[in-house]
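Worksheet for the structure shown next.
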Number of protein chains: 2
Amino acid sequence: MSSEVQLDTIDRAILKELQKDGRLANQDLAQRVHLSPSACLRRVKRLEESGVIAQYVALINPKAVGKQGTSYTIINLERMTTAALDAFEAAVLASPDILDCFYVAGSNDYMIRFAYKDAEDLERFHTQVLMQLPEVARSNSMLVLRTIKKSTAFPL
Amino acid sequence: MSSEVQLDTIDRAILKELQKDGRLANQDLAQRVHLSPSACLRRVKRLEESGVIAQYVALINPKAVGKQGTSYTIINLERMTTAALDAFEAAVLASPDILDCFYVAGSNDYMIRFAYKDAEDLERFHTQVLMQLPEVARSNSMLVLRTIKKSTAFPL
DNA sequence: GGTGAAAAGTTAGCTTT
DNA sequence: AAAGCTAACTTTTCACC
């Protein structure tokens, strides 16, 4: 549906601004893209309704909610049967600690992302969450030591 | 700074709502957390100024801007000297195609994330971007085939 | 796509608990 | 010290050009 929407230069300018500041007032946005507020609002609504803009969110500082770090973990399943995948995925969906989970190409792996409070919490995650997931053969954690770049926005 | 801010139950309720809808009107937010608009606004401003809320952003549908898929790539450098890391990181920062880059624990690796338009664009990325990065010894790409879960929000 | 006016939302000073 | 009240101000929204 939204994959077929044609975007012009102004639409892209709007998306660029809104990806930087999702709370930008329509009046200010209109000024930045050289449009009247009403014309600008019509475009924004169209972008929202067509699903080009999926969601507006507040990004919060992980440290402020006690999350000291993030880890990416690559997971290999024991069996690649539908039942095994389903069981694994259901467990992932049920775990609030797991923030992201992707089925990735390569050697039939999953990759998950989670945030931890401290070393103790990280250990808890490994023993209480990771090791409890069904069908896991191997897992390889990559703790984030430093962030060079992090973006929620796409280049336009 | 923001790591020391004490959050009470109402603050957490506010963050929970704003992580789901960053454009929620203050009046509506106030109602959901059972506060008057002015009291609610004071708390939101405090959360913003203390850096607990880092940013508001619009999340856009990758397909709508022509991005068919995402890939995570693990990168091993040839040498782990400061100069090598600096050269690599400078090149990463200069590449608009690379959305995220983390220095991760394990075998002295980096992990990067990028989005591609189609198979051709993916190949372009590998030959024009990945292979041009300095100091790269090995890289291992994990194409996202399916997303089981994806979240920008932290559980509160 | 722009204009203008009504409706809705924001915000700050002051009072109350 | 933090919440509520009120009222001025700003922004959104929409019928109409």
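In what follows, every chain begins at residue 1, and chains take the letters A, B, ... in the order their sequences are listed.
Residues A:Y103 and A:E89 have side chains that never bring a donor and an acceptor to within less than 3.5 angstrom of each other. Side-chain atoms of B:Y56 and B:E48 include a donor-acceptor pair closer than 3.5 Å.
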Item to check | nucleotides 11-17 of chain D: protein proximity per nucleotide (B base, S sugar-phosphate only, - neither; heavy atom, under 4.0 Å) | outcome: SBBB---

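Look at CD1 on B:I14: it is 12 Å from C1' on D:dA3, rounded to the nearest Å. Regarding A:Q31, its CD atom lies at a distance of 14 Å from the P atom of D:dT10, rounded to whole Å. Counting to the nearest Å, the P atom of C:dG9 and the CZ atom of B:R32 are 12 Å from each other.
B:R46 comes within 4.0 angstrom of no nucleic acid atom, judged by non-hydrogen atoms across all strands.
Tested against B:C40 for a side chain to side chain contact (heavy atoms under 4.5 Å, CB included), the candidates B:D28, B:I10, B:N26 yield a single pass: B:N26. Tested against B:C101 for a side chain to side chain contact (heavy atoms under 4.5 Å, CB included), the candidates B:I75, B:L93, B:V92 yield a single pass: B:V92.
By the 30° and 60° cut-offs, the orientation of the rings of A:F88 relative to A:Y110 is tilted.
The two residues A:S141 and A:H126 have their closest heavy-atom pair at OG-NE2, 3.1 Å.
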